[in-house]
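Since the structure comes first, as structure tokens, the remarks are kept for the end.
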There are 2 protein chains.
Amino acid sequence: MKRIDNFNAGPSALPLSVLERVREELVDYQGTGMSVMEMSHRSAAYEAIHDAAEAKLRRLLNVPDDFRVLFLQGGASLQFAMLPMNFLGPDETALYVLTGVWSEKAAQEAVRFGHVVVDDQAKAEGYTDVPTQVMRPADVDLRYVHVTSNNTIYGTQWRELPVTDSPLVIDMSSDILSRPVDWTNVGVAYAGAQKNLGPSGVTVVFVRDSFLARANGDVPTMLGYPTHVKQRSLYNTPPTFAIYIMGLVLDWIEEQGGVEGIAARNREKAGLLYRVIDEYPDFYLGHAKERARSDVNVTFRLRDDELSARFLAEATKRDFVGVKGHRSVGGCRVSLYNAVSVESATRFATFMEDFVRAHR
Amino acid sequence: MKRIDNFNAGPSALPLSVLERVREELVDYQGTGMSVMEMSHRSAAYEAIHDAAEAKLRRLLNVPDDFRVLFLQGGASLQFAMLPMNFLGPDETALYVLTGVWSEKAAQEAVRFGHVVVDDQAKAEGYTDVPTQVMRPADVDLRYVHVTSNNTIYGTQWRELPVTDSPLVIDMSSDILSRPVDWTNVGVAYAGAQKNLGPSGVTVVFVRDSFLARANGDVPTMLGYPTHVKQRSLYNTPPTFAIYIMGLVLDWIEEQGGVEGIAARNREKAGLLYRVIDEYPDFYLGHAKERARSDVNVTFRLRDDELSARFLAEATKRDFVGVKGHRSVGGCRVSLYNAVSVESATRFATFMEDFVRAHR
């Protein structure tokens with residue numbers, strides 16, 4: 001069996017112990033005589049998996065009791081539409097803080113439903129930073145403020161969520177469960193699972209009761225949050241197998257010391273790479289400003305463009321997967337989500353140092 | 001390892017050889033050093049899986065070249081909304097042929113977007129039949145006629161698709177790939193995967209170019225078919241692992257003699273149960289009229305209500321899973337989707353006969 005150092009930006013690495021457990025239970029789940037994939041979503045065996053996944057998420061992230069937890073489909077991209085469809089009336093205004101392509105896409109969908117104002121400070125800087133202070137028009141009531149907590153493409157991350165006088169709606173797709181969440185000001189948080197939580201095909205949504213209470217009732221059944229709240233994400237067949245695997249990943253996070261343990265480990269992994277970047281400033285150039293550096297996506301380029309191509313080719317040869325930067329930024333991106341080991345990060349940091357020595 | 005006789009209505013049985021293959025490749029897919037779940041959806045390895053799944057579907061179902069094949073999320077329930085959102089303008093009319101709860105739900109979503117007329121002949125009969133001829137208002141142009149090809153809850157199925165002068169939009173969720181499709185009059189066909197195709201979490205949509213050409217351009221990005229056509233179902237992260245397993249199921253169908261082979265086998269399996277029902281008319285009562293009997297869901301009750309409960313308890317004791325009928329119909333439902341073996345069906349037919357002998 002071969003296992004490579006997987007730095008994919010998503011879908012991405014899963015813990016080996018989780019994959020081994022899935023393999024072990026694949027054909028006969030705990031003596032039921034069938035795979036989890038073959039179970040009715042109305043069966044007691046599946047409902048236990050479903051409810052346990054929710055309970056584990058609540059426990060790990062300290063989710064307050066006045067939040068509903070949903071397992072939906074369609075990824076963050078469908079949330080971009082569902083959010084304003086449910087929560088932004090034609091006469092209401094939402095503020096979207098632009099910190100990358102994904103927040104731009106979220107804002108573009110919201111324009112179809114209501115008024116949108118943007119904070120585009122970070123855009124002007126080429127998305128190398130997140131705002132130190134969110135800017136909002138003084139004379140408008142805001143239904144919500146939309147924020148992307150981590151920007152996969154640019155490798156920037158809010159170290160702390162911004163403080164605003166309106167509820168936050170947060171796209172946490174790329175850093176959910178990578179660190180604790182301060183829920184104080186959150187109305188909705190959502191995340192596709194495929195980076196830190198499990199396989200693609202399931203989207204986790206947290207929505208506060210008081211925020212939900214103002215939902216527009218006149219939306220298609222499948223696109224209304226109240227439908228899924230009322231039916232505990234079992235209105236129609238959920239992606240049962242993906243939810244099962246997510247549950248196993250959550251067990252694994254618990255074993256790592258919970259979100260605090262994972263956060264420390266993520267900081268350590270990212271630190272290994274940032275240290276090399278900072279040590280060789282004439283060789284490597286980080287994309288993100290230091291204060292906005294992400295713990296889960298480390299983005300950089302080589303100052304010498306020709307060497308960049310060689311660096312990527314050499315990384316591939318050494319079985320480092322997923323290192324090429326997103327086409328809109330170029331260079332390199334090393335994604336260090338929860339399941340990426342400290343050993344993998346160490347190997348890559350060593351590779352970066354060796355490469356400097358060989359090519360400087 | 002235990003394997004039971006799985007008659008679940010969906011999610012449902014998968015071929016054992018497919019599950020074994022998934023297990024074998026789970027931690028290291030073909031020497032890539034990672035699971036399919038851990039691959040980028042933009043990687044060559046995943047794109048090969050994605051494209052092969054489409055090619056196999058096209059080949060097995062003889063899909064004409066002027067159809068696009070999409071892999072979406074949200075199940076048939078999301079299609080109920082997406083279809084009229086894209087294809088039914090506020091001044092247009094669609095006909096929905098009601099043959100069960102699912103077609104009723106489809107019609108209810110369409111009402112939000114345009115005019116809906118229904119053919120409710122089957123409803124008047126308690127959904128024991130499908131119409132022999134579709135009835136439509138004489139004086140209206142129909143944008144499309146929506147049909148549910150098989151009705152899981154009632155065990156009824158169109159033996160042949162109805163002939164109309166408007167394009168058909170067909171929900172094939174419960175009998176896709178169980179038999180050949182006549183595409184002549186089809187505009188759109190769609191199906192959740194979790195009955196005949198694979199795990200839950202992926203929805204297959206076939207849409208004809210000429211039908212697509214009239215799509216409403218002003219819908220949220222993720223809810224517009226053109227988005228997914230243009231991006232080959234890779235606009236955002238698709239449910240990669242579910243698509244991979246579907247591909248393996250399609251290989252298995254090919255090995256069974258393709259859709260023709262599967263159809264013959266399905267007919268044989270259903271025949272085993274219908275024969276017992278017909279042989280003991282004083283004991284068993286089929287729900288569906290004979291001409292509308294489904295090859296994939298066999299629904300019946302025992303004439304004696306008290307014996308019904310005993311029958312279900314005895315079936316459970318013998319490791320027959322999923323035999324209880326849907327709450328809206330009661331009695332028993334035995335789902336005999338593609339992956340259910342002739343041996344399983346034979347065992348259940350024998351059980352039914354034995355039960356008659358023991359309790360008559």
Side-chain angles (χ1 to χ4, degrees), chain A residues 1-4 6 8-14 16 19-20 22-23 26-28 31-35 37-41 43 46 72-78 80-81 85 105 108-109 112 192 194 198-202 218 220-223 235-242 245 319 321-322, chain B residues 1-4 6 8-14 16 19-20 22-23 26-28 31-35 37-41 43 46 72-78 80-81 85 105 108-109 112 192 194 198-202 218 220-223 235-242 245 319 321-322:
Chain A
M1 188 194 74
K2 178 177 162 188
R3 292 283 295 169
I4 45 78
N6 184 345
N8 277 331
S12 44
L14 288 168
L16 179 58
L19 292 173
E20 286 171 339
V22 172
R23 184 172 61 182
L26 197 82
V27 172
D28 175 14
T32 56
M34 52 188 148
S35 177
M37 294 181 230
E38 302 178 293
M39 286 179 184
S40 167
H41 57 301
S43 66
Y46 175 70
L72 306 182
Q73 296 185 60
S77 295
L78 185 56
F80 296 167
M85 191 184 287
K105 287 193 182 201
Q108 281 155 16
E109 295 301 317
R112 301 174 185 277
Q194 69 271 15
S200 61
V202 57
D218 186 27
T221 310
M222 274 293 287
L223 299 169
Y235 170 73
N236 71 335
T237 316
T240 53
F241 198 65
I245 298 175
D319 272 346
V321 167
Chain B
M1 186 194 76
K2 178 178 161 189
R3 291 284 293 168
I4 45 77
N6 184 345
N8 277 331
S12 43
L14 288 168
L16 178 59
L19 292 173
E20 287 171 338
V22 172
R23 184 172 61 181
L26 196 82
V27 172
D28 175 14
T32 55
M34 52 187 148
S35 178
M37 295 182 230
E38 301 178 296
M39 286 179 184
S40 167
H41 58 299
S43 66
Y46 175 70
L72 305 182
Q73 295 184 61
S77 295
L78 186 56
F80 296 167
M85 191 184 286
K105 288 193 181 201
Q108 280 155 18
E109 294 301 317
R112 301 174 185 277
Q194 68 270 16
S200 60
V202 56
D218 187 27
T221 310
M222 275 293 287
L223 299 170
Y235 170 73
N236 71 335
T237 316
T240 53
F241 198 65
I245 298 175
D319 272 347
V321 168

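Chain naming here is simple, since letters A, B, ... match the order of the sequence lines and numbering starts at 1 in each. If you're wondering where the values come from, they're calculated on a predicted model, not measured in any experiment.
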- Message: Restricting to non-hydrogen atoms, name the atom on G75(A) and the atom on N236(B) that form the minimum distance, rounded to 0.1 Å.
- Response: CA-ND2, 4.2 Å
- Given a strict heavy-atom distance threshold of 4.5 Å, which part of A13(B) is in contact with chain A: side chain, backbone, both, or neither? both
- Task: May I ask you to test the R112(A)-D218(B) pair for a side-chain heavy-atom distance under 4.5 Å?
- Result: yes
- Message: Donor-acceptor pair, distance only, cut-off 3.5 Å: does the side chain of R3(B) make one with the backbone of V27(A)?
- Response: yes
- Query: Can you tell if the side chain of H41(A) reaches within under 4.5 Å of the side chain of S200(B), non-hydrogen atoms only?
  - Reply: no
- Residue from Q73(A), M39(A), Q108(A), M85(A) scoring the most non-hydrogen pairs under 4.5 Å with chain B is Q73(A)
- Item | Between CD on residue E38(B) and CG on residue L14(A), distance to nearest 0.5 Å | 5.0 Å
- Item | Side-chain heavy atoms of M34(B) within contact of N8(A), under 4.5 Å | yes
- Query: Quick one: of Q194(B), M37(B), M1(B), E20(B), who has the most non-hydrogen atom pairs under 4.5 Å with chain A?
  - Reply: M37(B)
- Part of T32(B) lying under 4.5 Å from any heavy atom of chain A: backbone
- Item | Structural part of S12(B) lying under 4.5 Å from a heavy atom of chain A | backbone
- Is chain A contacted by the side chain of F80(B), its backbone, both, or neither, given a heavy-atom distance below 4.5 Å? neither
- Heaviest contributor of heavy-atom pairs below 4.5 Å to chain A, chosen from S77(B), G201(B), P199(B), is S77(B)
- Please flag which part of L16(B) lies under 4.5 Å from any non-hydrogen atom of chain A: side chain, backbone, both or neither. side chain
- Name the option with the most non-hydrogen atom pairs under 4.5 Å to chain A; the candidates are T240(B), L223(B), T221(B). T221(B)
- Message: Taking every non-hydrogen pair under 4.5 Å, which of P239(A), A81(A), G74(A), G31(A) racks up the most with chain B?
- Response: G74(A)
- Contact part of R23(B) toward chain A, heavy-atom cut-off under 4.5 Å: side chain, backbone, both or neither? both
